Amino acid sequence: QVTLRESGPALVRPTQTLTLTCTVSGFSLSTSGICVSWIRQPPGKALEWLAVIDWDDDKKYSTSLTTRLTISKDTSKNQVVLTMTNLDPVDTATYYCARRLIGDPDAFDIWGQGTTVTVSS
Amino acid sequence: QSALTQPASVSGSPGQSITISCTGTSSDVGSYKLVAWYQQHPGKAPKLLIFQVSQRPSGVSNRFSGSKSGNTASLSISGLQAEDEADYYCCSYAGGSTFVFGTGTKVTVL
């Protein structure tokens with residue numbers, strides 16, 4: 001069974017750095033065509049795509065957040081890690097990781113349950 | 001990467017059909033067949049409904065269908081049911097392995 005599970009702190013202070021971990025099972029992060037993205041959703045608002053890391057370690061970021069985001073993976077641990085620097089209350093959101101398999105279906109077919117992060121002093 | 005534009009809300013009576021539009025640009029929706037639709041119930045993670053403009057994953061009802069014309073994609077729901085009440089998001093590939101989501105549409109079953 002393919003699953004993704006997000007983990008990280010529930011509360012972060014403004015200006016701090018957030019580190020989120022996505023632990024996957026049922027597939028390998030090194031399999032050709034596998035990509036894992038981070039997507040967030042502020043309370044009551046729309047989904048926002050943040051970043052992606054591919055099976056070959058290629059990384060891409062949202063242009064509006066590129067200076068604050070870093071995505072990495074540890075294939076041996078089946079984990080994808082997202083760090084976001086200089087947190088602000090507007091970064092309060094549920095953060096999801098999701099899998100994309102290039103070619104078929106070439107969409108975010110499996111999502112984690114999400115982890116809620118509140119940025120507040 | 002501006003968000004794709006969707007109507008904030010759409011409603012219909014049980015059994016009726018509704019359509020949700022998703023307007024992007026020639027840099028995203030207009031350029032790629034990689035448009036997807038997601039259904040999200042309150043407090044839940046999004047669920048893939050449609051991929052590659054009009055394809056349904058296994059297990060998704062054929063009451064859901066997708067299409068695209070130019071820079072606008074559409075999701076249609078026929079035979080509206082109470083369980084279809086949810087938020088719906090479109091998502092398009094925007095080149096360079098990046099994606100952009102829509103503003104979201106709340107579907108209400110009257």
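Since the model is a prediction, treat every value here as computed from it, not as a measurement. Chain letters run A, B, ... following the sequence lines, proteins first, then strands; residues in each count from 1.
- When each of B:C91, B:P42, B:G96 is scored by its heavy-atom pairs under 4.5 Å with chain A, the top score falls to B:G96.
- Both the backbone and the side chain of B:P46 come within contact range of chain A, judged by heavy atoms closer than 4.5 Å.
- When all heavy atoms of A:G112 and B:A45 are compared, the pair lying nearest together is O-CB, 3.3 Å.
- Around CZ of A:R5, the count of heavy atoms belonging to other residues, nucleotides or ligands within 6.0 Å does not exceed 12.
- With a 4.5 angstrom heavy-atom cutoff, B:T103 touches chain A only via backbone atoms.
- Pairing each heavy atom of B:S97 with each of A:W49, the nearest pair is O-CZ2, 3.7 Å.
- Partners of A:R100 by salt bridge (Lys or Arg N to Asp or Glu O under 4.0 Å), not counting sequence neighbours, listed by chain and number: A:D106.
- The heavy-atom pair separating A:A46 from B:G102 by the smallest distance is CB-O, 3.7 Å.
- The distance from atom CZ of B:F99 to atom CG of A:L47, rounded to the nearest 0.5 Å, is 13.5 Å.
- At a 4.5 Å heavy-atom cutoff, the contact between B:Q40 and chain A is made by side-chain atoms alone.
- Using bins of under 30°, 30° to 60° and over 60° for the plane-to-plane angle, the ring pair A:F108/B:F101 lands in the parallel bin.
- Following chains of ILVMFWY side-chain contacts shorter than 4.5 Å, one can reach A:V24 starting from A:V2, so the two form part of one hydrophobic cluster.
- In this structure, the side chains of B:P57 and A:D109 stay at 4.5 Å or more apart for every pair of heavy atoms.
- Of the two parts of A:S37, neither the backbone nor the side chain holds a non-hydrogen atom closer than 4.5 Å to a non-hydrogen atom of chain B.
- Tracing side-chain contacts under 4.5 Å through hydrophobic residues (I, L, V, M, F, W, Y), one never reaches A:W111 starting from A:V81; they form parts of separate clusters.
- Here the closest heavy-atom approach between residue B:Y89 and residue A:K45 is recorded as OH-O, 3.4 Å.
- In this structure, chain A has a heavy atom under 4.5 Å from the backbone of B:K44, while its side chain stays farther away.
- Hydrophobic clustering, defined by side-chain heavy atoms of Ile, Leu, Val, Met, Phe, Trp and Tyr closer than 4.5 Å, groups B:Y88 together with B:L4, B:V10, B:I18, B:I20, B:V29, B:V35, B:W37, B:L49, B:I50, B:V53, B:V60, B:F64, B:L75, B:I77, B:L80, B:V100, B:V107, B:V109.
- At a 4.5 Å heavy-atom cutoff, the contact between A:I39 and chain B is made by side-chain atoms alone.
- Heavy atoms only, all atoms of each residue included: B:L48 and A:P105 are closest at CD2-CG, 4.2 Å.
- Criterion: ILVMFWY side-chain heavy atoms under 4.5 Å apart, direct or through other members. Under it, A:L50 and A:V36 are part of a common hydrophobic cluster.
- A:L4 is not connected to A:V52 by any chain of hydrophobic side-chain contacts under 4.5 Å among Ile, Leu, Val, Met, Phe, Trp and Tyr, and they are in different clusters.
- Cluster annotation: A:I71 is connected to A:L29 through the hydrophobic network of ILVMFWY side chains, with a link wherever side-chain heavy atoms come within less than 4.5 Å.
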